[in-house]
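Heads up: the structure comes next, in structure tokens.
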Amino acid sequence: MSTIAHTQKRGFAGTVWEYLTTVDHKKIAILYLLAGGLFFLAGGIEAMMIRIQLAVPNNDFVSAGLFNEIITMHGTTMIFLAAMPLLLGFMNAVMPLQIGARDVAFPFVNALGFWLFFFGGVFLNLSWFLGGAPDAGWTSYASLSLASEGHGIDFYVLGLQISGFGTLMGGINFLVTIINMRAPGMTYMRMPLFTWTTFVASALILFAFPPLTVGLFMMLFDRMFGAGFFDAAMGGNTVIWEHLFWIFGHPEVYILILPAFGIFSEVIPTFSRKRLFGYSSMVFATVLIGFLGFMVWAHHMFTTGLGPVANAIFAVATMAIAVPTGIKIFNWILTMWGGSIQFTVPMLWAIAFIPSFVMGGVTGVMQAAAPADYQFHDSYFIVAHFHYVIVGGVVFGLLAGVHFYWPLMFGTMLSEKLGKVTFTFFLIGFHLTFFIQHFLGLMGMPRRVWTFLPGQGLETGNLISSIGAAFMFVGVIVLLINVVVTQVKNVKVGIDPWKDGRTLEWALPSPTPFYNFKQLPLVRGLDAFWIEKMEGKTEMTPAEPIGDIHMPNNSFTPFMIALGLFIGAFGAMYHVDDKGWALPVLIIGLAVAFASMLYRSIKDDHGYHIHKEELLDDADKGGTR
Amino acid sequence: MANLQSNSGEPKVNYEYRRKKSAEDMRMQVVTFTMMIFFTVIAFAAVGAGFSKWFILPFVLLLAIVQVVFQLYYFMHMSHKGHAVPQFFMYSGILIAFLTILAFLTIIWW
């Protein structure tokens, strides 16, 4: 394939085919954003159904069994299929540009990672139509999930296993990219903070996902082949699942929050027109949070009965994490201090994030005190806490990122006016929904409860909470309208749309060429583009002469590998029902997957070169940018 | 890998240097290979001699760890320059895994 194919106008089918086969990190980012956005909407609808059910006492909007399925799918979808893929999308879109790379280290594996995530997510959500969704909570504790009838938990296990493979591949890919593909002059301590948080989050993915994989395989064996890993009657131990899940699960919440921290660390300096305060302490805090994240998993299990010594040690380790997090909070505030602040939509989210997240952090330290946690455990106080950190931290970060990076990804600018409407509704709705839940929890309302009785003092609080959820819903709808209106108007913005872009990605022309950098840029310090702008230049200094650029070919193989595993998973799941067609389906699915891998292994695909002459032709489009 | 890269404009110097480096590497590989075989023989002998299992288990494990280190540093060239990041990740992983297992063995009821 030559560059001509890239410049041609495509029809609709051609565009679809391009996206099905793409290995370009910028297009994969858009795929992540689309798929993650769809799952975010699905999880949001589930959230609305939870709040409708709990709006009034003795409600029967959904049945108790269906309610369990809804809360399970809400949690699982939001964590695994919405928040994490959306963050992976931003990492894909931004990180290679920030370090001055032409793509990630393994473009093929990048595409494979996306398709595995996507098919895993679709598999999990098909459970709604095929006999019932998983209903043991997003943590799927073993005793409960082994007793769960139907195929709900099997959908959970197989779906998460497939999408987990994809995430693991993504993490390894980003690690290799950041270690090996930084532009000349881009030392580790000159990397933008979003790249740093991507790096640490990827390392967490690398170390945290294997325990989940092991746990899911054990669950799979218990449920499908009658193994007894978690069955006390067979000499197993049900608590092992909790350990495996939380050894993964605690780093997982840092996998979510660190990239969000990274987005805020880009937004705040940009709109304060100041360099990030305490850059090196920010890096140190990020790495330290990453390390400590592996040493606190048992604080999710204080009431399991681990013993006083374990509870005390894990309590202290947990509280220690407040220190690096506090460093970050103060650094953000001091970045704004004395800056020339512009209240753009991303900046509004960043400013709202600081107090919201601190509130979630404070309740986190409260729960870290093990004796107090015996009171908070499994109450709405916990629900309030983790929604304050995940919505107030991660979702605010994602919404800031959507507005901030939209021009980079799509070449258009989302409406500031509609963005502010979204911000107002969502922020008010968020605090209305979750602040009151602290008190509902302290009054004794248990988590995951299907309904409650009148006359126990829980009516007003729950009604306020449900009204807040409606506000958030309106905010998201306005965001969708904003997206549609912006893309229909299609007003293109040029280079550096925010005018104050500091890092390399804003030095690129819009839309970004598919090879990213015609010549790799020379990085002369932190905030590389800002340095050049302060010296009156409009573009980066090139670090190399114009030469041939080696590019990977598009490939349909990643889609086929993921599709094969997706088909095989159905066979594996229905095999326990003694269905005649299950085994052939399993074999066909795996055959498709392995044949695709074999095809990839034996067929030489060296990619192609964009020749120097072709690059020189569009020199008028602007040098090295 | 590191010793294949030229650090001199003079091809002859470079060649001499690489020859010397390769010879050193080769000598270390032969030495470690001999030692690894020797360790394996000792391990089998220790089991065969019928010592107490409280001696044999830690002893064989110790020999195994030394062999892994030899493997990584001399056969997989981790002793050469340019392996700082893989080393950092390996040791971080080992540290985290060690702390987790230590927690299970000492403080956690499960």
Side-chain angles (χ1 to χ4, degrees), chain A residues 142 171-172 175-180 182 188 199-200 202-211 214 230 232 236-244 246-248 250-251 287-288 290-299 301-317 370, chain B residues 1-11 14 17-18 21-22 25 53 57-58 60-62 64-110:
Chain A
I172 293 170
L175 283 176
V176 179
T177 307
I178 295 174
I179 292 170
N180 290 327
R182 283 166 289 129
Y188 280 108
F199 185 65
V200 175
S202 301
L204 294 185
I205 288 175
L206 175 65
F207 290 125
F209 267 71
V214 170
F230 305 125
N237 185 339
T238 189
V239 182
I240 296 290
W241 167 267
E242 294 185 31
H243 280 296
L244 284 170
W246 286 119
I247 288 174
F248 148 77
H250 198 80
V287 176
L288 192 63
F291 263 103
L292 289 176
F294 282 97
M295 296 165 197
V296 295
W297 80 90
H299 69 212
M301 302 166 61
F302 280 151
T303 58
T304 313
L306 301 173
V309 178
N311 276 9
I313 290 174
F314 280 105
V316 173
Chain B
M1 203 166 74
N3 56 351
L4 294 181
Q5 278 152 11
S6 167
N7 57 357
S8 161
E10 192 69 44
N14 193 28
Y17 173 76
R18 275 165 51 190
K21 272 299 221 189
S22 298
D25 268 9
K53 71 170 184 180
L57 276 175
V60 172
L61 279 176
L62 182 71
I65 290 169
V66 174
Q67 291 212 15
V68 168
V69 172
F70 279 168
Q71 173 75 28
L72 286 173
Y73 276 83
Y74 292 105
F75 287 92
M76 299 178 81
H77 304 290
M78 228 164 80
S79 53
H80 292 171
K81 273 184 185 166
H83 291 77
V85 180
Q87 285 191 26
F88 174 73
F89 271 80
M90 280 176 59
Y91 288 121
S92 310
I94 290 169
L95 177 72
I96 289 164
F98 173 75
L99 282 174
T100 307
I101 293 168
L102 188 72
F104 275 107
L105 293 179
T106 52
I107 57 172
I108 293 178
W109 177 92
W110 52 295

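Chain letters run A, B, ... following the sequence lines, proteins first, then strands; residues in each count from 1. Because only heavy atoms are used, hydrogens play no part in the values below, and waters and symmetry mates are left out as well, while side chains stay in. Predicted, not measured: the structure shown is a model, and the values here were computed from it.
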State the OG1-CZ distance between B:Thr100 and A:Phe207, to the nearest 0.5 angstrom.
11.0 Å
Distance, nearest 0.5 Å, that separates CZ of A:Phe294 from CG of B:Leu99
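It comes to 11.5 Å.
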Minimal heavy-atom distance between B:Ile107 and A:Ala310, with the atoms involved, is O-CB, 3.3 Å
Under a 4.5 Å heavy-atom cut-off, does chain A meet the side chain of B:Thr106, its backbone, both or neither?
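For B:Thr106, no heavy atom lies under 4.5 Å from chain A.
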Under 4.5 Å from a heavy atom of chain A, the part of B:Ala97 involved:
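When you check distances to chain A, no heavy atom of B:Ala97 falls under 4.5 Å.
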Could you tell me if the side chain of B:Ile108 sits less than 4.5 Å from the side chain of A:Phe314, heavy atoms only?
yes
Can you name the side chain to side chain contact (heavy atoms under 4.5 Å, CB included) partners of A:Ile179, sequence neighbours left out?
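Only A:Tyr188, A:Phe199, B:Val85, B:Phe89 meet the side chain to side chain contact (heavy atoms under 4.5 Å, CB included) criterion with A:Ile179.
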